[in-house]
Amino acid sequence: MIARHIASVAGIGFLPKAPGTWGSLIALPAFYVLHGVGQFPLVLIATVAVFLLGWWATREVTAAQADHDPGWIVVDEVVGQWIALFSLSFGLWWMGFDSWGFPWPGYVLGFALFRLFDITKPWLVGWADRRGDPLGVMLDDVFAGIMAGLTVAFLGALAHVVFV
């Protein structure tokens, strides 16, 4: 079933232990390639497309199920992780830097902060998670990604002020 394949990101969600972390990890090289090929505009288009596909797939696989957010659904982690890295992609694109540049501190911090916000579910992340529907499944990771991305942007700006 195609919806199950999309929701689990080609089966990544069925890996043992911490499927959300696996989903976030697989998002990193995909993000790097998307940014390298088409920079921020492609990253943005791909994120919107995967969000819409993920929402559809989540709705399909959870229809008439008691569990609205089974752990094996990790397409939401891919979307959230990409959003957490928007500030890196946008900044590199806006400033005209090499599209294959790899600002590894930002990637590591974006990954760690996204996982932190996704697991602890503060504020809007928890609100979206409590919706109990496919949109909530996707939105909690969107909000975790936004929170992580804003934090990465702030810390990046602070680092450039302090160390430059």
Side-chain angles (χ1 to χ4, degrees), residues 6-10 12-13 15 18-58 69 71 73-129 131 134-164:
I6 292 168
S8 69
V9 185
I12 295 295
L15 290 173
T21 299
W22 289 114
S24 296
L25 280 171
I26 198 67
L28 296 176
F31 179 90
Y32 179 73
V33 170
L34 286 169
H35 177 79
V37 169
Q39 298 194 348
F40 183 71
L42 181 59
V43 168
L44 181 60
I45 291 166
T47 302
V48 171
V50 173
F51 175 87
L52 294 172
L53 277 172
W55 185 14
W56 169 81
T58 300
D69 190 5
I73 296 177
V74 296
V75 67
D76 52 329
E77 268 78 20
V78 171
V79 171
Q81 185 62 71
W82 287 355
I83 291 170
L85 300 174
F86 271 13
S87 61
L88 294 175
S89 181
F90 181 80
L92 291 169
W93 171 67
W94 184 259
M95 297 305 292
F97 288 119
D98 175 22
S99 63
W100 292 101
F102 187 76
W104 67 267
Y107 275 77
V108 171
L109 193 58
F111 172 80
L113 287 169
F114 172 69
R115 292 307 301 144
L116 174 70
F117 294 137
D118 187 32
I119 291 166
T120 61
K121 306 214 180 295
W123 190 40
L124 289 174
V125 183
W127 169 82
D129 186 61
R131 285 177 53 102
L135 183 58
V137 171
M138 297 301 295
L139 282 180
D140 80 316
D141 291 275
V142 167
F143 290 138
I146 290 169
M147 292 171 73
L150 289 173
T151 306
V152 167
F154 172 76
L155 292 174
L158 183 63
H160 285 292
V161 167
V162 171
F163 296 113
V164 172

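Heavy-atom basis, side chains included; hydrogens, waters and symmetry copies ignored.
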Chemist: Go through the structure and list residues passing side-chain hydrogen bond (donor to acceptor under 3.5 Å, both in side chains) with S89, not counting sequence neighbours.
Modeler: H35
Chemist: Please list, chain by chain and in numerical order, all residues satisfying side-chain contact (heavy atoms from CB on, under 4.5 Å) with Y107, sequence neighbours excluded.
Modeler: L28, F31, Y32, L85, L88, F102, P103
Chemist: How would you list, by chain and number, every residue that makes a side-chain hydrogen bond (donor to acceptor under 3.5 Å, both in side chains) with T21, sequence neighbours excluded?
Modeler: R115
Chemist: Between CZ of F114 and CD1 of I119, what distance do you get to the nearest 0.5 Å?
Modeler: 9.0 Å
Chemist: Check G23 against E77 and note the closest heavy-atom contact, atom names and distance.
Modeler: C-CB, 4.1 Å
Chemist: Give me the atom names and distance for the closest heavy-atom approach of Q39 to F97.
Modeler: NE2-O, 3.7 Å
Chemist: Side chains of residues 138-162: which donor-acceptor partners sit under 3.5 Å, not counting sequence neighbours?
Modeler:
unit_1, atom_1, unit_2, atom_2, d
D140, OD2, K121, NZ, 2.9
T151, OG1, M147, O, 2.8

Chemist: Show which side-chain atoms of residues 41-58 pair as donor or acceptor with protein atoms under 3.5 Å away, not counting sequence neighbours.
Modeler:
unit_1, atom_1, unit_2, atom_2, d
T47, OG1, V43, O, 2.7
T58, OG1, G54, O, 2.7

Chemist: Partners of W123 by ring-ring contact (aromatic ring centres under 6.0 Å, His included), sequence neighbours excluded?
Modeler: none
Chemist: Do you know which two heavy atoms are closest between G36 and S99, and how far apart they sit?
Modeler: O-OG, 3.0 Å
Chemist: List the residues meeting ring-ring contact (aromatic ring centres under 6.0 Å, His included) with F86, not counting sequence neighbours, and say none if there are none.
Modeler: F40
